[in-house]
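Below is one structure; the comments refer to it alone.
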Amino acid sequence: MTTESHGDPQPRQTLGVGGVETPPDANLVKDQDSLYTIDSGGTADDPEVYDCQGNTVVGGIEVKVDNVVVQNCRVDAQQQYGIFSDNSNNVTIQNNDIKGVMNDGDGDGDLNAITFFGNGTKILYNTAIDFVDGDPGDSHTDFIQTWVSDSHPIASDDVEVRNNKATGPKNPDHDNSIPSIHQFVMAEDYGCGGNSGGDTDGMKNWIVADNEVGDSWNQAIKVDGPDNVAITRNDFVGSSDKVMEVTDESSDAKFYSDNKVGSDYGEVGMDITPGDGPA
């Protein structure tokens with residue numbers, strides 16, 4: 001008996017640096033000792049790939065164009081943002097390791113592993129373990145943050161946050177000197193969070209799935225305005241007061257019962273939707 005060959009199966013993507021293959025036509029990024037800026041993109045069907053192949057970028061990465069993939073980079077930020085995707089659509093940030101996020105004296109008080117503004121953003125298979133360096137003071141320390149304002153007008157739609165691991169020290173007493181993760185995701189839509197200006201259409205169509213989340217402050221995820229948000233199959237291992245904060249400005253946000261919530265959280269913070277979430 002013979003079997004017909006249909007070609008080799010696609011390799012399975014796994015967590016962290018090296019967990020995704022380098023395509024033959026990728027831009028290979030060598031070790032960098034200052035901020036690495038990406039200002040050349042591809043098309044929606046054929047995005048430009050920037051692959052560090054495990055090399056280290058000291059100073060962070062900034063994406064300034066649409067249709068880009070950033071992968072396999074070890075980012076030692078040495079500033080307030082690890083990876084910053086600035087008003088850029090169809091950007092995939094995957095299989096990077098981010099650390100060294102810190103107060104550098106020039107920032108606005110946010111200390112984020114990833115900050116993005118753009119439709120079709122995908123944040124996949126990244127690691128950010130103990131990613132804040134030094135004393136964060138009264139800064140927000142978030143794995144992912146986005147918002148809408150005059151300077152960042154895109155209300156990000158069609159966002160995927162999947163298969164990442166972001167964990168930090170436990171900090172149940174909310175001690176500002178401990179570099180814990182305040183929030184895994186913080187999303188503030190038009191007119192929310194004290195911001196003004198930008199796209200009035202609103203953020204929508206988000207999925208946060210299959211992540212390991214180790215936060216320790218007020219909540220793991222804050223959804224302030226985005227609509228149609230699915231939270232599913234995540235492993236919440238932190239110790240915040242609650243898992244979710246969903247404001248009245250958001251509609252159709254669902255926290256599915258297939259999430260795992262550790263015993264160190266005070267509460268979930270919203271109704272639980274029975275059953276499995278979307279794939």
Side-chain angles (χ1 to χ4, degrees), residues 110 112-123 140-149 152 154-164 166-168 171-172 174 180-196 198-279:
D110 295 321
N112 302 329
I114 298 171
T115 305
F116 80 91
F117 310 92
N119 298 319
T121 298
K122 296 180 176 64
I123 300 173
H140 281 285
T141 58
D142 301 332
F143 175 55
I144 298 169
Q145 185 176 9
T146 189
W147 63 90
V148 179
S149 66
H152 301 292
I154 297 176
S156 302
D157 295 341
D158 305 315
V159 172
E160 299 182 26
V161 180
R162 298 178 184 267
N163 298 101
N164 303 281
T167 58
N171 188 13
H174 296 183
S180 57
I181 300 174
H182 287 191
Q183 294 162 123
F184 180 72
V185 172
M186 183 177 185
E188 295 172 323
D189 207 346
Y190 173 82
C192 299
N195 300 305
S196 61
D199 187 351
T200 61
D201 289 343
M203 299 179 183
K204 57 185 178 293
N205 303 331
W206 282 50
I207 184 167
V208 180
D210 302 296
N211 303 284
E212 182 176 342
V213 180
D215 56 298
S216 190
W217 201 259
N218 290 327
Q219 63 271 326
I221 297 175
K222 184 173 183 179
V223 179
D224 190 3
D227 299 328
N228 188 25
V229 178
I231 313 294
T232 180
R233 298 184 304 278
N234 300 286
D235 188 7
F236 292 94
V237 299
S239 55
S240 289
D241 298 342
K242 55 187 174 182
V243 178
M244 296 293 303
E245 171 73 18
V246 180
T247 67
D248 292 340
E249 285 74 17
S250 295
S251 65
D252 199 26
K254 294 181 179 179
F255 185 93
Y256 288 90
S257 60
D258 58 4
N259 290 290
K260 297 196 312 185
V261 177
S263 60
D264 288 337
Y265 289 94
E267 59 178 325
V268 171
M270 67 178 297
D271 292 338
I272 298 175
T273 300
D276 296 337

query: Which is it for His174 and Trp217 under the side-chain contact (heavy atoms from CB on, under 4.5 Å) test, yes or no, and what are the steps along the way?
result: CA-CA 6 Å; His174 296 183; Trp217 201 259; 3.6 Å; yes
Note, Asp199 side chain near Ile154 side chain (heavy atom, < 4.5 Å): no
message: Any side-chain to backbone donor/acceptor pair from Ser216 onto Ser180? Under 3.5 Å, distance only.
response: no
message: Do Val159 and Met203 make a side-chain contact, defined as non-hydrogen atoms from C-beta onward lying under 4.5 Å apart?
response: no
query: Between CZ of Phe184 and CG of Asp215, what distance do you get to the nearest 0.5 Å?
result: 9.5 Å
query: Taking all non-hydrogen atoms of both residues, which atom of Glu188 and which atom of Gln145 are closest, and how far apart?
result: OE1-NE2, 4.2 Å
message: Evaluate Arg233 against Arg162 for side-chain contact (heavy atoms from CB on, under 4.5 Å), listing each step before the verdict.
response: CA-CA 10 Å; Arg233 298 184 304 278; Arg162 298 178 184 267; 4.0 Å; yes
- request: Check the angle between the aromatic planes of Trp147 and His152 and answer parallel, tilted or perpendicular using the 30° and 60° thresholds.
  value: perpendicular
- request: Count the heavy atoms belonging to other residues, nucleotides or ligands that lie under 6.0 Å from CG of Asp271, then report whether that count exceeds 12.
  value: no
message: Using 30° and 60° as the class boundaries, would you call the ring planes of Phe236 and Tyr265 parallel, tilted or perpendicular?
response: perpendicular
message: If we count only N and O atoms by modelled type, under 3.5 Å, do the side chains of Thr121 and Ser156 hold a donor and an acceptor together?
response: no
field: Test item: Ile114 and Ile123 side chains (from C-beta on) under 4.5 Å apart, heavy atoms
entry: yes
Stepwise side-chain contact (heavy atoms from CB on, under 4.5 Å) test for Ile144 and Val161: CA-CA 9 Å; Ile144 298 169; Val161 180; 3.6 Å; yes
- prompt: How far apart are the C-alpha atoms of Phe143 and Asn164, what are their side-chain angles, what is the distance that settles it, and do they pass the side-chain contact (heavy atoms from CB on, under 4.5 Å) test?
  reply: CA-CA 10 Å; Phe143 175 55; Asn164 303 281; 3.9 Å; yes
query: Within a strict 4.5 Å, meaning less than it, do heavy atoms of the Val229 and Asp227 side chains meet?
result: no
- request: With the side chain counted from C-beta on, respond yes when His140 and Gln183 share a heavy-atom pair under 4.5 Å apart, and no when they do not.
  value: yes
message: Take a 6.0 Å sphere around NZ of Lys242 and say whether it holds more than 12 heavy atoms from other residues, nucleotides or ligands.
response: yes
- request: Given side-chain hydrogen bond (donor to acceptor under 3.5 Å, both in side chains), test Asp158 with Asn119 step by step and report yes or no.
  value: CA-CA 6 Å; Asp158 305 315; Asn119 298 319; over 6 Å; no
Test item: Asp157 side-chain N/O and Lys204 main-chain N/O as donor-acceptor pair under 3.5 Å: yes
message: For the CD atom of Gln219 and the CD atom of Glu267, what is their distance to the nearest 0.5 Å?
response: 10.5 Å
message: Between Val213 and Asp235, is there a side-chain heavy-atom distance shorter than 4.5 Å?
response: no
- prompt: Can you name the closest pair of heavy atoms from Pro278 and Tyr256 and give their distance?
  reply: CD-CE1, 3.7 Å
task: Using a 4.5 Å cut-off on heavy atoms from C-beta on, say whether the side chain of Val268 contacts that of Phe255.
output: yes
- request: Would you check if Glu249 and Asp189 make a side-chain contact, meaning some heavy-atom pair closer than 4.5 Å?
  value: no
field: Ser250 side chain to Pro226 backbone, donor-acceptor under 3.5 Å
entry: yes
Donor-acceptor under 3.5 Å (Asn259 side chain, Ile231 main chain): yes
- request: Indicate whether the side chain of Asn211 and that of Asn234 have a donor and an acceptor atom separated by less than 3.5 Å.
  value: yes
message: Between Thr247 and Asp224, do the side chains contain a donor N or O and an acceptor N or O under 3.5 Å apart?
response: yes
- prompt: His182 pairs by side-chain contact (heavy atoms from CB on, under 4.5 Å) with which of Asn171, Thr141, Asn218, Asn112?
  reply: Thr141
